[in-house]
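Numbers for residues simply follow the sequence, beginning at 1.
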Amino acid sequence: MSVERTLSILKPDVVAKNQIGAVISYIEKAGLKIVAARMQHLTKAEAEGFYAVHKERPFFADLVRFMTSGPVVVMVLEGENAVAKYREIMGATDPKKAAPGTIRADFASSIDENACHGSDSLENAKIEIAYFFRTTELCPRTR
Ligand code: IDP
């Protein structure tokens, strides 16, 4: 195992329901550390660029509409095995299939409004982190 970084987005549904802190507590309880964080209202171009891999999928327009419907919280998480660990505590994309006690099981209302994003590989984590943060904005947690 090695120390990794992954990109997390708390989606507009979590922010609208005032559940930012509640979701962050799941992240911190899992031992993941926040090394960068920003609240941001994504533009259409930013959301389309971030989800470009899905642009041919039938749900793309709805996804972009949802992701731009209100502010999100974008974070970089650091820890042992951070990419897989965060995916595990997020739960399955469809909250109906998410394991009990995961973020999506406890906070998401549907596959469209599913509370959070997490990078799905170390390679994509690097690309996604660079999409939102400059290297100088990442704060190593040495203490
Ligand atoms: P992930 O967020 O669990 O990595 P992806 O397959 O990368 O899932 O899809 C990105 C996002 O697109 C999902 O989080 C979800 O919001 C949305 N999405 C994925 N599949 C569907 C679908 O079948 N219907 C509606 N929205 C979907």
Using side-chain contact (heavy atoms from CB on, under 4.5 Å) as the criterion, list what pairs up with [X], not counting sequence neighbours.
{"X": "S25", "answer": "K29"}
{"X": "F60", "answer": "E48, Y51, H54, K55, V64"}
{"X": "D120", "answer": "R87, N124"}
{"X": "D106", "answer": "Y26"}

Flag yes if [X] and [Y] sit in one hydrophobic cluster, no otherwise; membership is Ile, Leu, Val, Met, Phe, Trp, Tyr, and two members link when side-chain heavy atoms are under 4.5 Å apart.
{"X": "M75", "Y": "I89", "answer": "yes"}
{"X": "V23", "Y": "I9", "answer": "no"}
{"X": "V74", "Y": "I20", "answer": "no"}
{"X": "L10", "Y": "F50", "answer": "no"}

Open item on the list: Strictly distance-based, threshold 3.5 Å: is any side-chain N or O of K85 a donor or acceptor partner for the main-chain N or O of G31?
Closed with: no

- [ ] Determine yes or no for a side-chain-to-main-chain donor-acceptor pair under 3.5 angstrom, with N114 supplying the side chain and T93 the backbone.
- [x] yes

Open item on the list: If the test is side chain to side chain contact (heavy atoms under 4.5 Å, CB included), which one of L77, V76, V73, I34 qualifies with S8?
Closed with: L77

Closest non-hydrogen atom pair between [X] and [Y], with its separation:
{"X": "Y131", "Y": "E46", "result": "OH-O, 2.8 Å"}
{"X": "P95", "Y": "S109", "result": "CG-C, 4.2 Å"}
{"X": "G70", "Y": "P12", "result": "O-CG, 3.6 Å"}
{"X": "P100", "Y": "A105", "result": "CA-CB, 4.3 Å"}

Open item on the list: Set out, in order, the CA-CA distance, both residues' side-chain angles and the distance that settles side chain to side chain contact (heavy atoms under 4.5 Å, CB included) for V72 and M39, then state yes or no.
Closed with: CA-CA 6 Å; V72 298; M39 190 168 231; over 6 Å; no

Task: Inter- and intrachain pairs under salt bridge (Lys or Arg N to Asp or Glu O under 4.0 Å), touching residues 56-65, at least two apart - done: D62-R65

Run the ring pair (Phe, Tyr, Trp, His ring centres under 6.0 Å) test against [X] and tell me which residues pass, sequence neighbours left out.
{"X": "F66", "result": "none"}
{"X": "F133", "result": "none"}
{"X": "Y86", "result": "none"}

Do [X] and [Y] come within less than 4.5 Å of each other through their side chains, counting heavy atoms only?
{"X": "F59", "Y": "I111", "value": "no"}
{"X": "H117", "Y": "M67", "value": "no"}
{"X": "L138", "Y": "I129", "value": "yes"}

If you round to the nearest 0.5 Å, how far is [atom2] of [Y] from [atom1] of [X]?
{"X": "C116", "Y": "Q19", "atom1": "SG", "atom2": "CD", "value": "11.5 Å"}
{"X": "K17", "Y": "F107", "atom1": "NZ", "atom2": "CZ", "value": "8.5 Å"}
{"X": "I24", "Y": "I103", "atom1": "CD1", "atom2": "CD1", "value": "10.0 Å"}
{"X": "S110", "Y": "D13", "atom1": "OG", "atom2": "CG", "value": "8.0 Å"}
{"X": "K11", "Y": "L63", "atom1": "NZ", "atom2": "CG", "value": "6.0 Å"}

Open item on the list: For E4, give me all partners under salt bridge (Lys or Arg N to Asp or Glu O under 4.0 Å), at least two apart in sequence or on another chain.
Closed with: none

Task: Non-neighbouring partners of R5 that pass salt bridge (Lys or Arg N to Asp or Glu O under 4.0 Å), sequence neighbours left out - done: E78

Task: Sequence neighbours excluded, every pair satisfying ring pair (Phe, Tyr, Trp, His ring centres under 6.0 Å) that has a member inside residues 28-47 - done: none

- [ ] Check which hydrophobic residues are tied to V83 through side-chain heavy-atom contacts below 4.5 Å, counting indirect links as well, and list them.
- [x] L122

